[in-house]
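All values derive from a computational prediction rather than experimental measurement. Quick note on labels: first sequence line is chain A, next is B, and so on, each numbered from 1. All heavy atoms count here, side chains included; hydrogens, waters and symmetry mates do not.
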Amino acid sequence: MTNNYNDTKLSWESPEQMTADNNEHVYSPRFLDKKWQDRWTKDGLHSVDDNDPRPKWYELTMFPYPSGDLHIGHWYAMAPSDAHARFRKMQGYNVLHPMGFDAFGLPAENAAIKRGIHPYEWTMSNIENMRGQLKSMGTIYDWDREIICALPEYYRWNQWFFLQFYKAGLAYRAHAPANWCPSCQTVLANEQVIDGNCERCDTEVSRRDLEQWFLRITKYAEELLDFSGLLDWPERIKAMQSNWIGRSEGTHISFDISHCGLEEVELRTFTTRIDTIYGVTFVVLAPEHPLVDKLTAPEKAKEVKAYVEQARRQTEIERLSADKEKTGVFIGSYCVNRLNGEKVPIFIADYALLSYGTGIVMGVPAHDTRDFAFAQKFDLPVKVVIAPDNWNGNELEEAHIENGTQVNSGQFDGLTSDHGKDAIADYIEGQGWGERTVSYRIRDWLISRQRYWGTPIPIIYCDRCGIVPVSEDMLPVLLPEDAQFRPTGESPLRYNEGFLNTSCPACGGMAKRETDTMDTFVDSSWYHMRYTSPSYHDAPIDPKTMAKWLPVDQYTGGAEHAVMHLLYSRFFNKAIRDIGLVDYDEPYLRLFNQGTIISQNAKMSKSRGNVINPDIYVDKLGADVVRGYIMFLGPWDQGGEWSDGGINGMARWFNRLWDIVTRDVETIMETPNPEKAERDLTRLLHKTIRRVEEDYSRFKFNTALAAMMELTNYMARAWDNNQVTKSSWTSTISNLLILLAPIAPHVTEELWERMGNEYSIHNQLMPDWDKDLAQDEEITLVVQVNGKVRDKIQVEASVSEDQAKSIATESEKVKPYLQGMDIRQLIYVPGKLVNIVVS
RNA sequence: GCCCAGGUGGCGGAAGGGUAGACGCGGCGGACUUAAAAUCCGCUCUCCCUAAAAGAGGUGUGGGUUCGAAUCCCUCCCUGGGCACCA
């Protein structure tokens with residue numbers, strides 16, 4: 001059969017040339033995108049009803065920073081999540097799939113410094129533009145629920161949460177060395193320093209001592225390691241969070257310094273290897289440790305001071321480099337190892353970190369690689385206390401860090417080191433010299449930022465009353481509009497007299513406001529909650545909508561947020577739970593991480609010039625083709641490479657689909673065997689339904705599309721071969737359109753209407769598949785001899801084991817391989833194959 | 001160094017103990033066209049062979065388990081990500 005494809009194909013012409021008016025059969029994607037987007041908006045098709053009785057499904061994708069342009073990476077994150085949310089909706093859920101803007105942050109302020117545009121103007125006009133681009137994707141976002149973090153009605157609740165944390169002892173101020181990004185002109189949290197560089201701008205960070213506000217995430221270290229409240233999170237993300245939290249079990253053990261005549265009478269160290277306590281030959285303090293001054297002998301003072309200053313100057317990178325040669329200084333005093341009464345010299349060295357454990361390390365060169373290197377450098381004794389198996393008593397070439405037998409360990413000699421650990425810890429606890437404990441690598445979350453475009457921290461400093469929180473009824477503390485944007489290293493708010501000067505809420509006297517603003521990760525820690533009641537005035541969330549929607553059922557986004565946003569948000573949830581604001585333990589029950597879309601073998605970036613602008617493709621090919629192509633690239637979690645050739649393939653398939661759906665069924669001729677034609681097409685349809693729905697639920701859009709392509713390929717062939725019936729044809733195309741609707745909402749809506757169906761396809765339910773109808777009538781029986789395929793035979797699906805075996809052994813192609821052989825075994829796999837084992 | 005995730009045609013990728021390479025891109029050949037584009041049809045892992053048929057080989061490497069391994073187990077190599085002087 002020949003088709004006049006010119007009449008029915010999709011046209012990629014502009015809508016001016018091709019409108020639905022001048023030709024019913026020609027479709028312009030650009031025209032149709034707009035036609036249906038307008039219609040859906042007008043009908044409120046995607047507005048979400050809090051009172052809908054259907055089971056709820058809250059599907060969220062990480063909201064974008066309003067950089068001003070929606071690039072292909074945004075599409076890659078958002079189009080598949082939209083398809084998945086649509087799929088859930090078509091499974092009968094009441095779906096909330098909202099969108100908003102992570103609108104505070106540095107680029108807005110940098111634009112102000114560079115170009116004199118106010119951050120508010122810059123941000124809001126970017127949002128305006130991006131909202132339009134987001135709408136062009138054809139997503140089901142309910143724009144009535146949009147949130148913008150930079151607006152006072154949002155950030156006042158950041159301040160409100162901060163005050164609750166302050167009251168609960170979860171927010172505190174401390175003077176501490178902090179990571180300073182000289183380019184961003186602000187401090188950063190530990191999570192925002194990647195390999196010693198700023199997470200945003202990649203500039204090397206330095207250290208700066210400042211008064212800073214912290215949130216006490218360490219209080220939740222143990223609970224954050226417990227992922228049992230999550231339904232489905234990637235193991236990788238859980239591993240990254242576990243790594244970051246860095247739990248290690250060990251013992252606190254103190255060394256006696258009572259002979260020094262100080263107020264302090266002991267040095268507390270943390271060790272995971274208490275079994276090696278008899279091998280201590282030195283103790284190391286972190287250079288910044290407060291006891292350093294007190295313990296330094298006068299004759300060493302100069303040398304120690306020089307070392308401390310040099311250590312402070314070092315950047316994070318220099319200091320943490322593992323291959324760096326050990327440095328340090330003997331400070332001229334000693335402590336006593338209480339277990340054996342030995343006198344132990346005290347050093348300072350920068351490999352001891354003030355912020356981990358107690359800031360003091362017991363040096364056991366025989367059994368720790370770092371201590372070994374230090375001992376070599378300073379010619380300190382290496383005392384073996386854990387004998388390796390078959391140890392001959394010689395000196396060690398390197399540290400023996402594995403297990404062994406306790407030696408030179410007093411009463412513990414002869415125990416295995418495992419037993420030694422327990423016995424020594426018991427003994428120490430009994431003597432009151434220390435106790436078993438757990439140490440974590442994670443530090444409290446530093447939220448102060450010395451920048452303008454963020455949430456003002458609602459704190460007032462009064463000379464008489466000290467630190468005074470702003471009272472709740474005075475919120476929000478508004479960002480002043482008229483700030484001077486100068487990169488001074490201090491918040492621009494400090495130079496704004498009108499903002500800075502205020503009166504003390506306690507005594508009414510003159511006082512000054514905190515001028516730092518909050519890390520923007522505070523905004524994203526609870527934004528998912530605000531979507532449920534974006535304009536609620538009495539609290540961050542309406543308790544009614546909270547109970548209805550939260551927690552989030554499915555969250556999607558990039559893995560780069562594993563130890564930043566995702567960890568902060570989990571902490572935030574647990575903290576506000578303990579304050580009594582929510583009653584669940586985890587904010588995001590299921591998490592799926594999409595990969596990265598690349599182009600020309602590299603991440604897209606302006607400097608590489610390999611950036612793909614989606615608008616051009618949307619304009620030419622329509623949103624559905626771009627959506628479909630992005631989902632067809634490969635498995636969503638593995639990312640993929642953009643190719644222009646590839647997207648044309650997707651456009652071609654939509655073209656063929658359009659052709660198939662718009663064929664006139666009245667021209668179908670009588671087929672010789674209508675029952676068989678009907679059964680065959682129906683069978684493939686039901687197999688396709690099964691595959692597509694399984695694939696959607698696992699985010700395998702690529703194979704779902706492949707299944708639908710196989711179906712259209714079959715249909716085109718069957719039509720040409722006169723092997724279709726009107727009824728199966730019609731029912732197959734309407735089911736196919738429903739299956740495809742989550743990926744391609746516009747084309748399917750248009751074709752659905754053209755078939756004469758009731759508006760809207762997006763209110764249809766996903767079809768069920770029928771096991772019997774999907775059942776094969778014939779199968780290909782594979783016949784192997786010793787595991788090698790020798791024949792493939794079409795047989796009835798109902799074939800019995802005996803029948804299959806005899807068909808296999810009697811195959812003409814197989815017989816030569818059986819000649820003169822003994823059949824040892826016949827393996828039968830029902831519905832699949834027979835393997836004849838011969839020798 | 002430790003912990004994850006990967007390695008399959010020219011390319012993106014299917015298959016997660018049972019026909020390796022679905023689906024798509026690219027390529028080749030053909031139809032339509034004055035021609036081109038678009039569209040449609042056919043072929044497209046490698047070797048052997050004039051060709052077909054039939055063989056043989058083939059999923060990073062080397063071993064193992066199994067009637068049968070891309071798939072499970074062990075060794076090593078490579079790629080990407082995370083942690084790393086954390087005591």
Could you tell me whether [X] contacts a base, only the sugar-phosphate backbone, or nothing, with contacts defined as non-hydrogen atoms closer than 4.0 Å?
X        : value
A:Tyr817 : sugar-phosphate
A:Lys832 : sugar-phosphate
A:Gly628 : nothing
A:Gly645 : sugar-phosphate
A:Val361 : base
A:Ser248 : sugar-phosphate
A:Thr272 : sugar-phosphate

Minimum side-chain heavy-atom gap A:Ile442-A:Leu567 below 4.5 Å: yes
Looking at side-chain heavy atoms only, is the closest gap between A:Asp350 and A:Thr327 below 4.5 Å? yes
State which residues pass side-chain contact (heavy atoms from CB on, under 4.5 Å) with A:Ile793; sequence neighbours excluded, sorted by chain then number. A:Val783, A:Asp791, A:Val795, A:Ile807, A:Ser811
Suppose we screen for side-chain contact (heavy atoms from CB on, under 4.5 Å). Which residues come up paired with A:Glu235, at least two apart in sequence or across chains? A:Lys238
Counting only side-chain N and O atoms of A:Arg652, is one of them less than 4.0 Å from OP1 or OP2 of B:rG26? yes
Distance check: side-chain N/O of A:Lys788 vs OP1/OP2 of B:rG57, anything under 4.0 Å? yes
Taking the C1' atom in each of B:rA31 and B:rG68, what is the distance between them to the nearest angstrom? 45 Å
Quote, to the nearest angstrom, the P distance that separates B:rG63 from B:rA52. 34 Å
Which whole-number value in Å describes the distance from [X] [atom1] to [N] [atom2]?
X        : N      : atom1 : atom2 : result
A:Leu711 : B:rG24 : CG    : C1'   : 16 Å
A:Asn721 : B:rG42 : CG    : P     : 10 Å
A:Arg656 : B:rA38 : CZ    : P     : 14 Å

Is A:Arg247 reaching over with its side chain to a backbone N or O of A:Val438, donor-acceptor style, under 3.5 angstrom? no
For the residue pair A:Val838 and A:Tyr817, what are the closest heavy atoms and their distance? CG2-O, 4.4 Å
Pairs where [range] contributes a residue and the test salt bridge (Lys or Arg N to Asp or Glu O under 4.0 Å) is met, not counting sequence neighbours:
range                       : result
residues 825-838 of chain A : none
residues 632-645 of chain A : none
residues 269-280 of chain A : A:Arg273-A:Asp275

Any idea which of [options] is nearest the [X] side chain?
X        : options                : value
A:Arg790 : B:rG55, B:rG24, B:rA87 : B:rG55
A:Trp244 : B:rC67, B:rU39, B:rC83 : B:rC83
A:Asp350 : B:rA87, B:rC85, B:rU19 : B:rC85
A:Asn713 : B:rG82, B:rU39, B:rC23 : B:rC23
A:Glu710 : B:rC23, B:rC67, B:rU19 : B:rC23

Stem list, RNA chain B (Watson-Crick or G-U pairing under 3.5 Å, at least 3 consecutive pairs): B:1-7 with B:77-83, B:10-12 with B:23-25, B:26-31 with B:39-44, B:45-47 with B:55-57, B:62-64 with B:72-74
Residue list, ring-ring contact (aromatic ring centres under 6.0 Å, His included) with [X], at least two apart or on another chain:
X        : value
A:Phe592 : A:Trp636, A:Phe699
A:Trp642 : A:Tyr617, A:Tyr629
A:Phe347 : A:Phe330, A:Phe374, A:Phe378

Starting from the 5' end of RNA chain B, give me the residue, A:Leu705 or A:Gly357, whose nearest nucleotide shows up first. A:Leu705
Reading RNA chain B from 5' onward, which residue's closest nucleotide shows up sooner: A:Lys813 or A:Met650? A:Met650
For nucleotides 11-15 of chain B, tabulate all protein N/O to nucleotide N/O atom pairs closer than 3.5 Å, reporting atom names and distance.
from: B:rG12; atom 1: O2'; to: A:Leu633; atom 2: O; distance (Å): 2.7
from: B:rA14; atom 1: OP1; to: A:Asn702; atom 2: ND2; distance (Å): 3.1

Let's see if you get this right: which residues in residues 777-786 of chain A place a heavy atom under 4.0 Å from RNA chain B? A:Thr780, A:Val782, A:Gln784
Residues two or more places apart in sequence or in another chain: which of them pass salt bridge (charged side-chain N to carboxylate O under 4.0 Å, His left out) with A:Glu266? A:Arg338
Is a donor-acceptor pair below 3.5 Å formed from side chain A:Asn835 to base B:rC67, judging by atom type as modelled? yes
